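Encoded as structure tokens, the structure appears first; notes follow it.
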Amino acid sequence: MARIIMLIDLDAFYASLEELRRPEIRGKPVIVCVYSGRTEDSGAVATSNYLARELGIRAGMPIAFAKMAAKGKDVVFLPVDKEYYGAVSDRIMDIFGDYAERFQQVSIDEAYLDVSERSGGSYEEAERIAREIKERVREEEGVSCTVGIGPNKFMAKMASKKNKPDGLTVVRPDDVPAFLNGLPVGKLHGIGEKTAEELMGLGIKTAGDLASFSLPSLEERFGKNKAKLLRERALGIDDSPVEQKERQQLSRIATLKEDSSDADEIMKRLSELCADLRKRMEKLGVSFRTVTLITIDAHLKMQTRSETIQEKDDPCAALDNVRALLVGFLKDENHKGIRRVGIAVSNLSYKEKKKEQKTLFDY
DNA sequence: CGACGTGTAAC
DNA sequence: CCTTTTACACGTCG
């Protein structure tokens with residue numbers, strides 16, 4: 001059966017929430033940042049509102065660059081408050097849940113809704129539902145969102161990119177080719193910088209080029225699986241279901257005050273991170289079997305060392321294993337120093353229904 | 001096949 | 001002078 005899928009994206013979510021709770025900053029460019037604590041301005045932009053985007057300030061940009069771009073302007077820099085945004089997000093996701101047969105939260109500010117039945121297969125009805133959701137979110141939480149509607153998740157996502165913020169774009173099955181064909185391959189969701197460059201090298205500039213490129217040649221370059229994926233993207237095909245997935249991994253990374261290769265020093269930081277992870281794991285009711293040490297050096301190269309051990313529910317109980325991984329790493333990679341360190345746990349098992357684990361798992 | 005490490009991508 | 005978190009695919013090794 002044909003499906004109708006919706007992707008809802010909360011507009012400049014962090015910045016919008018800051019504007020809501022701080023009326024005095026409304027009407028100004030707002031930049032919400034992750035400060036690393038290394039120097040005054042080290043860190044990166046998490047989200048900027050649309051006024052800040054007009055100044056060229058975007059997510060991912062170093063804070064120092066953003067400050068340059070903002071020089072002389074009346075702009076507001078704020079640190080992220082993930083807990084607060086998460087609480088609001090949970091409430092909004094609950095609203096979404098009211099309208100969907102199936103629901104999939106993909107991040108703190110994005111979710112897919114399968115409304116095939118609810119809409120009775122009608123795109124007009126799906127659009128009406130979208131308007132109702134937008135209105136409720138605005139009424140109840142004061143933020144705007146952008147909706148894309150299409151025959152699958154990929155097309156819903158592509159539709160949503162068309163018109164932001166506060167947008168609503170519908171792409172019917174018949175309109176898919178016209179919608180995609182002229183787009184540069186790099187604009188296709190799931191095709192990043194590296195892949196786009198490789199495609200360029202083959203003379204493939206647009207989705208149309210990609211759709212008509214010989215499959216065997218694609219397979220030669222990218223392997224069977226990725227070639228298939230690329231072709232499907234170009235054609236707007238995506239059969240993946242809307243379904244909430246269980247978390248596979250939790251991690252926590254931090255930037256060291258200065259580059260270090262001193263195991264004791266680094267372990268101090270790692271044990272703090274473990275304590276943080278423990279809290280999150282308790283909330284979710286999970287245990288793990290694999291622990292991973294994450295390191296990032298001065299050139300921002302990331303490396304990992306992991307070990308699978310007896311099942312544990314407290315990452316702090318695996319700190320000896322982490323230390324061993326770290327010592328081994330420092331030995332065989334004789335580094336100038338580590339800039340950032342982190343720890344991840346994976347190979348998770350979920351214990352019985354922990355009571356009310358937040359919206360994610362109510363589905 | 002499971003474990004491990006890297007690369008790519010997105011938010 | 002460069003953040004954080006997660007997922008997934010793929011190659012390799014034993």
Side-chain angles (χ1 to χ4, degrees), chain A residues 7 9-15 31-48 58-68 79-80 82 85-86 89 104-111 153-154 157-158 160-161 185-199 222-230 233 240 244-256 258-259 273 276-277 280 284 289-309 325 328-329 332-333 339-348 360:
Chain A
L7 182 276
D9 190 321
L10 302 169
D11 299 322
F13 188 50
Y14 299 176
I31 300 129
V32 182
C33 303
V34 182
Y35 289 93
S36 71
R38 171 164 279 227
T39 65
E40 173 83 0
D41 283 346
S42 65
V45 174
T47 310
S48 54
R58 299 275 145 76
M61 175 181 279
I63 294 168
F65 292 6
K67 292 241 154 125
M68 298 275 282
V80 287
K82 266 285 195 76
Y85 313 145
S89 168
Q104 178 181 3
Q105 182 175 351
V106 290
S107 73
I108 196 168
D109 66 355
E110 256 189 68
K153 290 201 287 183
F154 172 71
K157 176 70 182 175
M158 292 305 295
S160 77
K161 294 206 230 187
V185 285
K187 296 254 177 164
L188 298 176
H189 183 63
I191 298 188
E193 202 186 316
K194 307 282 182 177
T195 309
E197 252 172 59
E198 261 191 276
L199 290 170
F222 295 99
K224 226 167 166 41
N225 286 335
K226 186 150 187 202
K228 179 166 181 281
L229 194 79
L230 289 172
R233 294 282 196 236
S240 65
Q244 192 58 57
K245 300 193 176 99
E246 274 187 338
R247 192 185 293 283
Q248 311 268 319
Q249 178 187 98
L250 291 96
S251 66
R252 192 75 173 68
I253 300 183
T255 304
L256 297 171
E258 57 221 353
D259 295 1
L273 297 178
D276 211 274
L277 275 186
R280 287 167 56 196
L284 293 169
R289 286 223 309 131
T290 302
V291 61
T292 302
L293 167 76
I294 303 164
T295 65
I296 294 150
D297 69 18
H299 311 312
L300 300 186
K301 181 181 164 59
M302 177 186 300
Q303 284 172 287
T304 59
R305 289 290 182 276
S306 64
E307 188 186 4
T308 299
I309 56 180
L325 291 170
F329 178 82
D332 54 47
E333 315 276 333
R339 178 186 176 90
R340 290 156 63 198
V341 283
I343 182 161
V345 292
S346 54
N347 230 321
L348 305 179
L360 257 179

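This structure is a prediction, so every number in the text was calculated from the model and none was measured. For the numbers below, each heavy atom of this structure counts, side chains included, while hydrogens, waters and symmetry mates do not. All chains are named by letter (A, B, ...) in the order of the sequence lines, taking the proteins before the strands, and each is independently numbered beginning at 1.
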- [ ] Check every atom of C:dT6, C:dT3, B:dC4 against the side chain of A:Arg247 and return the nucleotide holding the closest atom.
- [x]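 Closest of the options to the side chain of A:Arg247: C:dT6.
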
Task: Of the listed nucleotides C:dT6, B:dT6, B:dA10, the one nearest the side chain of A:His189 - done: B:dA10

Verify the contact: side-chain N or O of [X] to OP1 or OP2 of [N], cut-off strictly under 4.0 Å; return yes or no.
X        : N      : result
A:Arg38  : C:dC1  : no
A:Gln303 : B:dT6  : yes
A:Arg252 : C:dT4  : no
A:Thr304 : B:dT6  : yes
A:Thr47  : B:dC11 : no
A:Lys157 : B:dC11 : yes
A:Arg340 : C:dT3  : yes
A:Arg289 : B:dA3  : yes
A:Ser306 : B:dG5  : yes

Task: Neighbour count above 12 (heavy atom, 6.0 Å) for A:Lys228 NZ - done: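 Open: at most 12 neighbouring heavy atoms sit under 6.0 Å from NZ of A:Lys228.
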
TODO: Would you indicate whether A:Phe222, at its atom CZ, is surrounded by more than 12 heavy atoms from other residues, nucleotides or ligands within a distance under 6.0 Å?
DONE: yes

Task: Gap between atoms NZ and P, on A:Lys226 and C:dA7 respectively (whole Å) - done: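 Rounded to the whole Å, the gap is 19 Å.
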
Open item on the list: Quick one, A:Tyr85 with A:Val80, criterion side chain to side chain contact (heavy atoms under 4.5 Å, CB included). Give me CA distance, side-chain angles, the key distance, then yes/no.
Closed with: CA-CA 9 Å; A:Tyr85 313 145; A:Val80 287; 4.2 Å; yes

